[in-house]
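Structure first, then comments.
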Amino acid sequence: MSSTATDQNAPTALIIGASRGLGHAMAAEFLDRGWNVIGTIRDTTVRTSLHDLADRADGRVTVEHLDINEPDHLAPLHKRLAQRQLELLFVNAGTTSNEQTPIGAVPTADFIEVMITNALGPIRGIEALQDLVSPTGLIGAMSSGQGSITNNTTAGREVYRGSKAALNMFMRSFAARQAETQRAFVLLAPGWIRTSLGGPDAPFTIEESVPLLVDVLLSRLGTTGLAYLDRSGQTVPW
């Protein structure tokens with residue numbers, strides 16, 4: 001969609017869900033650090049912050065279309081990117097609903113929407129696109145500290161917590177199936193950040209958080225196996 005005149009000597013990151021918020025800020029951070037960036041958007045009829053970033057990037061940002069909840073979008077995206085090698089594939093997806101409703105009272109349709117967006121969609125995307133990633137690259141997804149079963153001592157946000165715990169389990173299974181590879185796998189718990197999902201009361205800003213999150217991802221390049229890490233690179237208990 002946008003220019004593909006990339007820097008052939010720079011590594012490339014594919015960030016799924018990069019039109020706004022954390023995903024867009026991560027795309028900008030990788031660009032600032034010398035990477036080529038492919039970012040996906042859900043709605044092709046709306047101009048996004050990612051388009052603005054691409055306009056300033058001298059061809060180093062490519063805008064692609066993908067709704068992570070639409071499996072039929074994955075094969076066409078894979079075909080469009082078939083000639084690109086990725087050093088990093090990161091899925092940034094998240095939604096929530098019924099935050100203070102006990103799980104037994106959550107409407108089925110709301111449960112399904114959150115689980116597909118937060119757990120099934122990201123892993124389905126990773127499964128479909130993983131062969132584009134370098135054998136020594138990194139595959140990751142945006143999890144949450146609220147996906148930790150060990151750390152759940154307060155309840156609340158039960159559908160969201162369950163979806164991120166499911167994402168963690170699915171990613172663990174995916175990594176186990178690739179145990180003989182040299183790839184790094186990361187589940188990232190960014191903390192409570194002021195985004196449309198996190199809300200205005202969150203203690204951390206996007207501007208202070210994203211460089212830390214990118215630092216954590218880059219620190220894992222060249223490692224093997226799966227890590228569940230917070231914004232400081234510390235291990236989060238499962």
Side-chain angles (χ1 to χ4, degrees), residues 1 12-24 26-27 37-44 48 50 62-97 106 108-135 137-144 146-147 159-181 183-190 197 217 220 225-228 238:
M1 296 172 68
T12 298
L14 170 58
I15 300 176
I16 294 177
S19 62
R20 59 189 175 91
L22 281 178
H24 168 261
M26 291 177 71
V37 176
I38 306 166
T40 72
I41 59 171
R42 293 177 63 184
D43 188 350
T44 59
T48 71
L50 186 64
T62 304
V63 180
E64 287 286 355
H65 175 227
L66 175 69
D67 184 336
I68 197 66
N69 292 347
E70 296 292 340
D72 290 346
H73 289 187
L74 290 166
L77 177 62
H78 187 284
K79 184 177 181 179
R80 293 194 299 272
L81 300 181
Q83 303 306 313
R84 305 283 297 271
Q85 178 172 279
L86 309 175
E87 279 66 47
L88 184 143
L89 164 61
F90 189 81
V91 182
N92 173 57
T95 190
T96 188
S97 65
V106 171
T108 299
D110 293 353
F111 177 85
I112 291 171
E113 178 184 3
V114 174
M115 291 295 290
I116 290 176
T117 301
N118 292 3
L120 177 60
I123 291 297
R124 196 158 49 191
I126 286 171
E127 294 270 14
L129 301 171
Q130 59 87 20
D131 65 304
L132 300 175
V133 181
S134 162
L138 182 148
I139 298 173
M142 191 70 80
S143 184
S144 170
Q146 294 190 1
V159 180
Y160 181 80
R161 287 180 186 275
S163 69
K164 290 300 186 178
L167 171 68
N168 293 352
M169 179 61 78
F170 298 156
M171 190 68 171
R172 193 157 188 172
S173 292
F174 176 76
R177 284 186 268 116
Q178 298 209 10
E180 301 304 317
T181 74
R183 287 175 174 163
F185 304 96
V186 178
L187 288 158
L188 201 53
L197 182 66
L217 292 176
R220 294 297 298 172
L226 174 63
Y228 180 21
W238 297 97

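Within a 6.0 Å radius of CZ in R42, no more than 12 heavy atoms belonging to other residues, nucleotides or ligands are found. Enclosure of atom CE in M115 by more than 12 non-hydrogen atoms of other residues, nucleotides or ligands within 6.0 angstrom is indicated.
Atom-to-atom distance recorded for S173:OG and L226:CG is 10.0 Å, nearest 0.5 angstrom. Note that CD of E113 is 5.5 Å distant from OG1 of T95, once rounded to the nearest 0.5 Å. Taking CG of L50 as the reference point, atom CZ of R20 lies at 12.5 Å (rounded to 0.5 Å). One finds the CG atom of L66 at 8.5 Å from the CG atom of L14 (value rounded to the nearest 0.5 Å). Put simply, CG on L187 and CG on N168 are 4.5 Å apart, with the number rounded to the nearest 0.5 Å.
Using a 4.5 Å cut-off on side-chain heavy atoms (C-beta onward), E127 and L74 make no contact. For the pair F90/L188, a side-chain contact is recorded, criterion being any heavy-atom separation below 4.5 Å from C-beta on. A 4.5 Å side-chain heavy-atom check between L217 and M26 finds at least one atom pair inside the cut-off. Using a 4.5 Å cut-off on side-chain heavy atoms (C-beta onward), I16 and L129 make contact. Between L89 and L132, every side-chain heavy-atom pair lies at or beyond the 4.5 Å cut-off. Inter-residue side-chain proximity for V159 and T96 is flagged as unmet; no heavy-atom pair is nearer than 4.5 Å. For the pair T62/E64, a side-chain contact is recorded, criterion being any heavy-atom separation below 4.5 Å from C-beta on.
With R183 contributing its side chain and Q130 its backbone, the two residues share a donor-acceptor pair below 3.5 Å.
Below 30°, between 30° and 60°, or above 60°: for F174 and F185 the angle between ring planes is above 60°, a perpendicular geometry.
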Q.
Assess the residue pair E87 and L138 against the criterion (side-chain contact (heavy atoms from CB on, under 4.5 Å)); give the C-alpha distance rounded to whole Å, side-chain angles, the decisive distance to 0.1 Å, and a yes or no.
A. CA-CA 6 Å; E87 279 66 47; L138 182 148; over 6 Å; no
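The shortest non-hydrogen separation linking T44 to I41 is CA-CD1, 4.3 Å. Scanning all heavy atoms of the two residues, the minimum distance from S143 to L167 falls at CA-CD2, 4.0 Å. Nearest heavy-atom pair across A189 and Y228 is CB-CE1, 4.2 Å. Taking both residues in full, the closest heavy atoms of F170 and I123 are given as CB-CG1, 3.4 Å, listed atom of the first, atom of the second, then distance. A pairwise comparison of heavy atoms in N92 and G17 identifies ND2-O, 3.0 Å as the closest pair. In terms of heavy-atom proximity, G140 sits nearest to I126 at O-CD1, 4.1 Å.
For D131, the side-chain hydrogen bond (donor to acceptor under 3.5 Å, both in side chains) test picks out H78, with sequence neighbours left out. Applying the side-chain hydrogen bond (donor to acceptor under 3.5 Å, both in side chains) test to S134 and every residue at least two apart in sequence or in another chain returns T136.
Sorted by first and then second residue, the salt bridge (charged side-chain N to carboxylate O under 4.0 Å, His left out) pairs involving residues 162-174 (not counting sequence neighbours) form an empty list.
Tested against I139 for a side-chain contact (heavy atoms from CB on, under 4.5 Å), the candidates T181, V186, L86, V133 yield a single pass: V133.
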